[in-house]
Amino acid sequence: MNGTALTVHQIARPYGFPTAEHFAFVESPLPEPAAGEALVENLYWSVDPYHREMMDEVPGGFPLHAPLEGRTLGRVVASRTPRLAEGEILFHRQGWRTHTVVTPEETRRLPRFDGVPWTAYLSVLGGTGLTAYVGLTRIARLQEGEDLFVSAAAGGVGTATGRFARLLGAGRLVGSAGSAAKAGYLVREVGYDAAFDYHDGPVADLLGAVAPDGVDVFVDNVGGEQLAAAVRALREFGRIVRIGTISQYNTPDAPPPRFDYADIVEKSLRMEGFLVSNYRDLQEELYEFAVPHLQSGRLAPDETVVDGFEHIVDAFLGMLHGRNTGKIIVRERTEVPCATDTRTPVS
């Protein structure tokens with residue numbers, strides 16, 4: 001098969017924030033599928049905070065000078081298996097490349113729902129949405145009327161958490177973000193009752209101002225000072241859902257959070273982390289919950305869409321610096337055969 005494929009490799013380990021120099025675009029001939037395989041042309045790529053952690057020399061991390069992985073949607077363009085039809089759109093995890101060869105076991109067929117764009121399968125219906133859904137329903141076990149604080153609330157998981165919590169009957173919903181504009185977006189568009197820019201002062205004071213009576217649940221994407229402030233603000237029998245520690249991914253010398261450990265005992269608090277990969281069996285449950293709300297308009301995906309695979313590294317680095325609102329997704333410029341996908345590109 002004639003043609004060229006592009007793949008992104010990590011070529012060095014970062015210390016602190018990564019830069020474009022830690023990556024390389026590598027050209028190669030289009031791969032040929034063997035018997036039982038199919039060639040997929042990738043169309044949408046997800047770049048996620050966990051990719052930053054995998055750039056370090058950690059168990060299961062990215063090897064150097066090898067293709068990176070990530071959640072991706074692609075179209076089958078050549079198939080040597082009856083289980084993968086040419087023209088079919090599939091989900092797989094061999095991202096950060098324009099083309100890849102997959103087996104049926106490495107892919108997931110995507111159900112088509114009227115009015116639901118393809119990008120939703122990488123945002124509210126994908127790993128981002130599943131993380132938010134698991135955090136609320138399985139880890140926090142959110143009850144109607146309970147009050148929440150969400151850190152990094154303007155990111156992909158944070159916006160999905162806010163929208164899902166509202167649909168699940170949460171009470172007061174407050175969040176932190178990295179700018180006044182993002183805090184305003186959370187209140188104006190996502191359904192948060194209040195939000196603050198964590199740069200504006202001590203987080204404990206900022207949180208106390210928007211949640212003077214405390215909260216029942218803290219969904220933590222950040223760690224650090226925000227985790228310490230939340231421990232102080234949580235009410236009796238409060239729960240902390242640990243999703244990520246993005247405040248420390250790029251600042252390895254940052255001190256760990258300091259809080260009164262007696263609060264954990266005296267207020268009967270529970271802190272639990274999880275990996276969404278252990279909850280993939282809930283994917284259909286997420287569809288059942290979210291899709292009707294997407295179709296009715298009660299749920300909207302919060303997405304920043306970047307056009308062009310050549311911008312995937314820029315999109316990732318921009319996400320680490322907080323330049324996105326909601327889930328950041330990279331889209332190929334070629335037309336995608338989905339009448340419902342009318343999302344406006346962001347360059």
Exercise. Where do Leu320 and Pro18 come nearest, in terms of heavy atoms and distance?
Worked result: CD1-CG, 3.5 Å
Problem set entry | Atom pair CD1 (Ile312) and OG (Ser46), whose distance is rounded to the nearest 0.5 Å | 9.0 Å
Exercise. For the side chain of Arg97 and the backbone of Gly95, is there at least one donor-acceptor N/O pair under 3.5 Å apart?
Worked result: yes
Problem set entry | Step-by-step salt bridge (Lys or Arg N to Asp or Glu O under 4.0 Å) determination, Asp216 to Arg172 | CA-CA 10 Å; Asp216 300 293; Arg172 185 166 175 79; over 6 Å; no
Exercise. Distance from Leu136 atom CG to Leu148 atom CG, nearest 0.5 Å?
Worked result: 6.5 Å
Problem set entry | Distance-only donor-acceptor check, side chains Tyr198 and Glu225, under 3.5 Å | no
Problem set entry | Short side-chain to backbone donor-acceptor contact, Lys327 and Thr128, under 3.5 Å | no
Exercise. Would you say Asp220 and Met271 make side-chain contact, with heavy atoms under 4.5 Å?
Worked result: no
Exercise. Does Trp118 have Arg112 sitting over its ring (NZ/CZ under 6.0 Å from centre, angle to axis within 45°)?
Worked result: yes
Problem set entry | Cluster link Val26 to Leu30, ILVMFWY, side chain under 4.5 Å | no
For this session: Taking Thr98 for its side chain and Leu6 for its backbone only, find out whether a donor-acceptor pair lies under 3.5 Å.
Result: yes
Exercise. Linking I/L/V/M/F/W/Y whenever any side-chain heavy atoms sit under 4.5 Å apart, do Val210 and Val222 land together?
Worked result: no
Exercise. Nearest heavy-atom pair of Ser151 and Gln226: which atoms, and what distance?
Worked result: CB-OE1, 3.4 Å
For this session: For Ala230 and Phe218, work out which heavy atoms get closest and say how close.
Result: CB-CD2, 3.2 Å
Seminar exercise, completed: Between the CG atom in Leu269 and the CD1 atom in Ile264, the distance rounded to the nearest 0.5 Å is 4.5 Å
Exercise. Is the shortest heavy-atom distance from the side chain of Phe316 to the side chain of Val330 under 4.5 Å?
Worked result: no
Exercise. Does the side chain of Gln295 come within less than 4.5 Å of Asp114's, by heavy atoms?
Worked result: yes
For this session: Could you tell me which non-hydrogen atom of Val124 sits nearest to which non-hydrogen atom of Leu286, and how far apart they are?
Result: O-CD2, 3.6 Å
For this session: Tell me whether the centres of the aromatic rings in His9 and Phe62 are closer together than 6.0 Å.
Result: no
For this session: Report the C-alpha separation of Arg239 and Glu146 in whole Å, then their side-chain angles, then the decisive distance to 0.1 Å, and conclude whether the salt bridge (Lys or Arg N to Asp or Glu O under 4.0 Å) test is met.
Result: CA-CA 11 Å; Arg239 286 91 71 203; Glu146 289 189 318; 2.6 Å; yes
Exercise. Is Val203 reachable from Val150 through a run of I, L, V, M, F, W or Y residues, each pair having side-chain heavy atoms under 4.5 Å apart?
Worked result: no
Exercise. side-chain contact (heavy atoms from CB on, under 4.5 Å) with Gln94: which of Thr100, Thr72, Asn42, Thr107?
Worked result: Thr100
For this session: Quick one: do Met319 and His51 satisfy side chain to side chain contact (heavy atoms under 4.5 Å, CB included)? Show the steps, please.
Result: CA-CA 11 Å; Met319 179 268 299; His51 287 141; 5.9 Å; no
Problem set entry | Nearest-0.5 Å distance, CD of residue Glu41 to CD1 of residue Ile89 | 9.0 Å
Problem set entry | Minimum-distance pair of heavy atoms, taken over all atoms of Leu90 and Leu110 | C-CD1, 4.4 Å
Exercise. Once you round to the nearest 0.5 Å, how far does CZ of Arg71 lie from CG of Asp48?
Worked result: 5.0 Å
For this session: Step through the shown structure and confirm whether more than 12 heavy atoms of other residues, nucleotides or ligands are within 6.0 Å of CZ on Arg232.
Result: no
For this session: Find out whether His22 and Val313 are in side-chain contact, i.e. whether some heavy atom of one side chain is under 4.5 Å from a heavy atom of the other.
Result: no
For this session: Please tell me if the side chains of Pro301 and Val116 come closer than 4.5 Å, counting only heavy atoms from C-beta onward.
Result: no
Problem set entry | Short N-O contact, Asp302 and Arg163, less than 4.0 angstrom | yes
For this session: Ignoring hydrogens and angles, tell me if any N or O in the side chain of Thr161 forms a donor-acceptor pair with the backbone of Ala132 under 3.5 Å.
Result: no
Which atom pairs, one a donor and one an acceptor, fall under 3.5 Å between side chains of residues 273-280 and the rest of the protein, sequence neighbours left out?
none

Exercise. Under the side chain to side chain contact (heavy atoms under 4.5 Å, CB included) criterion, do Phe309 and Val8 qualify, and how do the steps go?
Worked result: CA-CA 10 Å; Phe309 178 76; Val8 179; 3.8 Å; yes
Exercise. Do Phe91 and Leu125 touch side chain to side chain, with heavy atoms closer than 4.5 Å?
Worked result: no
Exercise. Within a strict 4.5 Å, meaning less than it, do heavy atoms of the Arg270 and Arg141 side chains meet?
Worked result: yes
Exercise. What is the ring orientation for Phe164 with Tyr133, classed by angle as parallel under 30°, tilted 30 to 60°, or perpendicular over 60°?
Worked result: perpendicular
Exercise. Would you say the side-chain atoms of Gln10 pair up with the backbone N or O of Met55, donor to acceptor, closer than 3.5 Å?
Worked result: yes
For this session: Give the C-alpha distance, both sets of side-chain angles, the deciding distance and a yes or no for side chain to side chain contact (heavy atoms under 4.5 Å, CB included) between Val190 and Arg166.
Result: CA-CA 9 Å; Val190 183; Arg166 190 57 73 209; over 6 Å; no
Problem set entry | Pairwise side-chain contact, Ile11 with His65, heavy-atom cut-off 4.5 Å (strictly under) | yes
Exercise. Quick one: does His199's side chain have a donor or acceptor within less than 3.5 Å of a partner on Gly178's backbone?
Worked result: yes
Exercise. Same hydrophobic cluster for Val174 and Leu227, using side-chain heavy-atom links shorter than 4.5 Å among ILVMFWY?
Worked result: yes
Seminar exercise, completed: Taking every heavy atom of Ala152 against every heavy atom of Asn221, the minimum-distance pair comes out as CB-CB, 3.8 Å
Exercise. Are Phe149 and Leu142 connected in the hydrophobic side-chain network, where two residues link if heavy atoms are under 4.5 Å apart?
Worked result: no
Problem set entry | Between Tyr44 and Tyr121, ring centroids under 6.0 Å | no
Exercise. Would a line drawn from the ring center of Phe259 to the ring center of Tyr261 be shorter than 6.0 Å?
Worked result: yes
For this session: Give the intermediate values and the outcome of side chain to side chain contact (heavy atoms under 4.5 Å, CB included) for residues Gln283 and Tyr287.
Result: CA-CA 6 Å; Gln283 185 66 58; Tyr287 290 156; 3.2 Å; yes
Exercise. Looking at Arg138 and Glu285, does any basic side-chain N land under 4.0 Å from a carboxylate oxygen?
Worked result: yes
Exercise. If you measure from CD on Glu303 to CG on Asn324, what distance do you get to the nearest 0.5 Å?
Worked result: 11.5 Å
For this session: Determine whether more than 12 heavy atoms belonging to other residues, nucleotides or ligands lie under 6.0 Å from atom CD of Glu105.
Result: yes
